[in-house]
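Just so you know, residue 1 is the first one in the sequence shown, and it goes up from there.
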Amino acid sequence: MFAFMTHIRAKAGKRDALIEANSKMHAVTANEQGVPIYAFHTAEDAPDEFYYYDFYASQESYDAHCATPEFQAMMGQFSELADIIEVTKLIPFGPIKSQPV
């Protein structure tokens with residue numbers, strides 16, 4: 001099990017397009033096995049700052065996620081929409097609590 005915390009910044013005038021691309025990706029990921037948490041956020045005081053938290057049950061679930069046509073399409077347009085500020089791979093410890101919202 002592992003997760004990623006990713007911080008990106010929408011390019012000028014691209015916030016709405018980034019949200020639309022994220023929404024498409026989120027809809028597909030909601031049905032993927034092995035990805036129990038896939039959460040997107042924006043900063044309350046800086047709406048062009050985006051933070052993603054995605055949790056994978058295994059390397060195989062991560063690889064399957066990255067192989068989807070939707071993920072490939074998003075990555076293809078990503079450089080037009082945003083700049084990656086930081087990506088941190090996280091290794092969980094202790095119990096994990098997750099419930100549908």
Side-chain angles (χ1 to χ4, degrees):
M1 294 186 289
F2 59 92
F4 289 100
M5 178 64 74
T6 304
H7 174 199
I8 68 170
R9 182 173 297 128
K11 291 188 176 181
K14 299 294 183 174
R15 182 179 191 277
D16 291 341
L18 181 59
I19 288 174
E20 182 179 336
N22 286 330
S23 295
K24 289 178 185 177
M25 191 70 240
H26 204 279
V28 170
T29 304
N31 297 316
E32 291 179 15
Q33 295 297 311
V35 188
I37 304 171
Y38 200 68
F40 298 159
H41 309 273
T42 58
E44 182 176 32
D45 59 348
D48 287 341
E49 302 293 319
F50 286 72
Y51 297 86
Y52 303 156
Y53 180 84
D54 41 320
F55 184 92
Y56 301 93
S58 65
Q59 184 65 45
E60 293 78 18
S61 57
Y62 174 72
D63 292 343
H65 170 74
C66 292
T68 63
E70 293 81 8
F71 182 85
Q72 295 298 317
M74 184 164 174
M75 290 297 99
Q77 64 180 339
F78 193 82
S79 64
E80 301 171 23
L81 302 176
D83 294 312
I84 297 172
I85 306 302
E86 182 177 11
V87 178
T88 303
K89 186 174 184 180
L90 305 169
I91 306 300
F93 65 93
I96 297 169
K97 179 182 177 187
S98 176
Q99 298 176 349
V101 177

Give the cluster check for Met25 versus Ile84: same hydrophobic cluster or not, with ILVMFWY residues linked at side-chain heavy-atom distances below 4.5 Å. yes
Can you tell me which residue pairs pass the salt bridge (Lys or Arg N to Asp or Glu O under 4.0 Å) test with a partner in residues 27-37, sequence neighbours excluded? none
Please name all residues satisfying side chain to side chain donor-acceptor pair (under 3.5 Å) with Glu70, sequence neighbours left out, ordered by chain then number. none
Residues forming a salt bridge (Lys or Arg N to Asp or Glu O under 4.0 Å) with Glu20, sequence neighbours excluded: Lys24
For the atom pair CD1 (Ile8) and OH (Tyr52), what is the distance rounded to the nearest 0.5 Å? 3.0 Å
For residues 39-49, which residue pairs pass the side-chain hydrogen bond (donor to acceptor under 3.5 Å, both in side chains) check, not counting sequence neighbours? His7-Glu49, Arg9-Glu49
Which residues pass the ring-ring contact (aromatic ring centres under 6.0 Å, His included) test with Tyr62, sequence neighbours left out? Phe2, Phe4, Tyr56
So salt bridge (Lys or Arg N to Asp or Glu O under 4.0 Å) across residues 83-95, not counting sequence neighbours, yields Lys11-Asp83
Membership question, hydrophobic clusters at under 4.5 Å side-chain separation (ILVMFWY): are Ile85 and Leu90 in the same one? no
Listing, residues 71-82 side-chain donor-acceptor contacts under 3.5 Å, not counting sequence neighbours, or none:
residue: Gln72; atom: NE2; partner: Cys66; partner atom: O; Å: 2.5

Which pairs pass ring-ring contact (aromatic ring centres under 6.0 Å, His included) with one or both residues in residues 79-99, sequence neighbours excluded? none
Show every salt bridge (Lys or Arg N to Asp or Glu O under 4.0 Å) that has at least one partner inside residues 51-67, sequence neighbours left out. none
Applying side chain to side chain contact (heavy atoms under 4.5 Å, CB included) to Pro95 and not counting sequence neighbours gives none
Is it the case that one hydrophobic cluster holds both Tyr53 and Met1, taking links as side-chain heavy atoms less than 4.5 Å apart, direct or via other members? yes
Who passes side chain to side chain donor-acceptor pair (under 3.5 Å) against Tyr38, sequence neighbours left out? His65
Cluster question for you: counting only ILVMFWY and a side-chain heavy-atom cut-off of under 4.5 Å, with indirect links fine, are Val28 and Phe40 together? no
Return the set of residues passing salt bridge (Lys or Arg N to Asp or Glu O under 4.0 Å) with Lys14 (not counting sequence neighbours), or none when no residue passes. none
Thr6 side chain near Phe50 side chain, heavy-atom distance below 4.5 Å: no
